[in-house]
Amino acid sequence: MSLSTNRKGDWNATLLVPFIESELLILVCGHSVSNLWGSMALSGVRKDRELRIHESLDELSAVLADYIAEISEAAVKERGVFAMALSGGSLIGLMRKLCQAPYNKTVDWDKWYIFWADERVVAKNHVDSNYKLAKDLFLSKVPIIPSHVHSINDSVSAEEAADEYEFVIRQLVKSRVISVSDISDCPKFDLILLGMGSDGHVASLFPNHSVLEEKDEWVTYLTDSPKPPPERITFTLPVINSASNVAIVVTGESKAEAAHLALDGVDPNFASVPAGIVQPLKGKLVWFMDKPAASKLDGFQFTE
């Protein structure tokens with residue numbers, strides 16, 4: 001590993017190099033980050049928010065698989081189970097390396113419990129279903145026990161689906177499959193994996209939507225999603241922020257502006273960029289990004 005700086009304070013990392021820039025922990029892979037020292041100190045991000053920028057999607061996928069496997073191993077060692085909530089979109093495809101060696105043999109799949117941080121209220125075989133996406137690209141390729149996969153009831157209304165899903169989670173909190181937060185009554189998932197939309201939404205928490213204000217329910221619903229399909233269920237912000245670990249996975253240039261607004265704190269009205277208010281109260285938050293998604297972050301200038 002080598003880490004160098006010139007007299008202007010530019011940093012060059014030729015391998016995966018962690019360094020602390022004031023209050024932000026940054027992991028930069030395979031490229032230079034220029035003019036970082038000093039500029040990021042003004043971003044307002046905190047030292048419990050970690051940013052990992054990757055040269056390619058293949059590299060990001062490999063590091064993400066390692067990250068998930070490590071959290072799984074730690075949770076199983078500590079609690080005997082691993083409870084993870086997924087979202088949808090390109091995130092699921094980026095989990096593909098978990099289906100390959102060595103993870104397909106070394107991960108303790110019998111101890112995994114799968115949930116969804118948000119879901120579209122459509123049939124499970126519908127093209128818009130997050131369950132279908134996860135099943136096709138991930139769940140069907142690893143030996144997770146089917147009864148440990150907790151999807152929503154797709155035969156009822158959005159409101160009923162949210163109520164039923166929260167009931168299921170409450171029962172599993174009682175049986176300690178899911179931990180409970182020691183500073184609130186919220187469930188404490190071992191890991192919540194989120195993507196981010198180009199508008200800055202995470203799960204189905206959309207900008208300036210009333211669901212952002214929900215504080216009492218664990219799972220709420222929408223019938224007017226600004227992105228189709230309109231009917232959805234979603235974890236509320238308090239549940240997401242009660243997790244032991246949260247990862248936000250962001251790729252592509254179309255997400256760069258929203259990432260800039262969320263991470264650099266440009267807009268003080270975070271309701272317009274929900275990703276910016278994801279911050280576990282006692283857990284760890286990691287942003288996984290490729291170079292195009294990180295291209296508008298303050299102080300970042302990538303060179304080969």
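Please read these numbers as outputs of a predicted model, since none were measured by experiment.
Asp190 contributes atom CG, which lies 12.5 Å from atom CD1 of Ile68 (distance to the nearest 0.5 angstrom). Taking CD1 of Ile248 as the reference point, atom CG of Leu193 lies at 10.5 Å (rounded to 0.5 Å).
Cation-pi contact between Arg52 and Trp287: absent, since separation from the ring centre below 6.0 Å together with deviation from the ring axis within 45° is not met.
Criterion: ILVMFWY side-chain heavy atoms under 4.5 Å apart, direct or through other members. Under it, Val156 and Tyr165 are not part of a common hydrophobic cluster. Under the 4.5 Å side-chain heavy-atom criterion for ILVMFWY residues, no single connected hydrophobic cluster contains both Trp112 and Ile145. The hydrophobic cluster containing Val149 does not contain Phe167, counting ILVMFWY residues as joined when their side-chain heavy atoms lie under 4.5 angstrom apart, directly or transitively.
In this structure, Glu253 places its CD atom where only 12 or fewer heavy-atom neighbours from other residues, nucleotides or ligands lie under 6.0 Å away. With a 6.0 Å radius and a threshold of 12 heavy atoms from other residues, nucleotides or ligands, Lys215 has its NZ atom above the threshold.
If you check the side chains of Asp118 and Ser87, you find a donor sitting under 3.5 Å from an acceptor. Counting only N and O atoms by type, the side chains of Asp58 and Ser56 include no donor and acceptor under 3.5 Å apart. Using a 3.5 Å distance cut-off with no hydrogens or angles, the side chains of His209 and Asp224 do pair a donor with an acceptor. In this structure, a donor-acceptor pair under 3.5 Å is absent between the side chains of Ser210 and Glu213.
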Exercise. Go through Phe206 and Lys227 one step at a time and tell me if the side chain to side chain contact (heavy atoms under 4.5 Å, CB included) criterion holds.
Key: CA-CA 9 Å; Phe206 289 94; Lys227 182 180 179 181; 3.9 Å; yes
Exercise. Might you work through the side chain to side chain contact (heavy atoms under 4.5 Å, CB included) test for Val122 and Asp154, ending with a clear yes or no?
Key: CA-CA 6 Å; Val122 295; Asp154 61 355; over 6 Å; no
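Salt-bridge annotation for Lys77 and Glu73: absent, with no side-chain N of the basic residue lying under 4.0 Å from a carboxylate O of the acidic one. Using a cutoff of 4.0 Å between basic side-chain nitrogens and carboxylate oxygens, Arg120 and Glu231 are not scored as salt-bridged.
Residues satisfying the ring-ring contact (aromatic ring centres under 6.0 Å, His included) criterion with Tyr131, sequence neighbours excluded, are Trp116. Qualifying ring-ring contact (aromatic ring centres under 6.0 Å, His included) partners for Tyr103, counting only residues two or more places apart in sequence or in other chains: none. With sequence neighbours excluded, the residues forming a side chain to side chain contact (heavy atoms under 4.5 Å, CB included) with Glu214 are Asp216, Glu217, Thr220, Thr236, listed by chain and number.
Applying side-chain contact (heavy atoms from CB on, under 4.5 Å) to Phe115 and the options Leu172, Ile152, Val219, Ile192 leaves one that passes, Leu172.
The aromatic rings of Phe288 and His54 sit parallel to each other, their planes meeting at less than 30°, with 60° as the upper class boundary.
Annotation: Phe235 is in aromatic contact with Phe189 [ring centroid separation under 6.0 Å].
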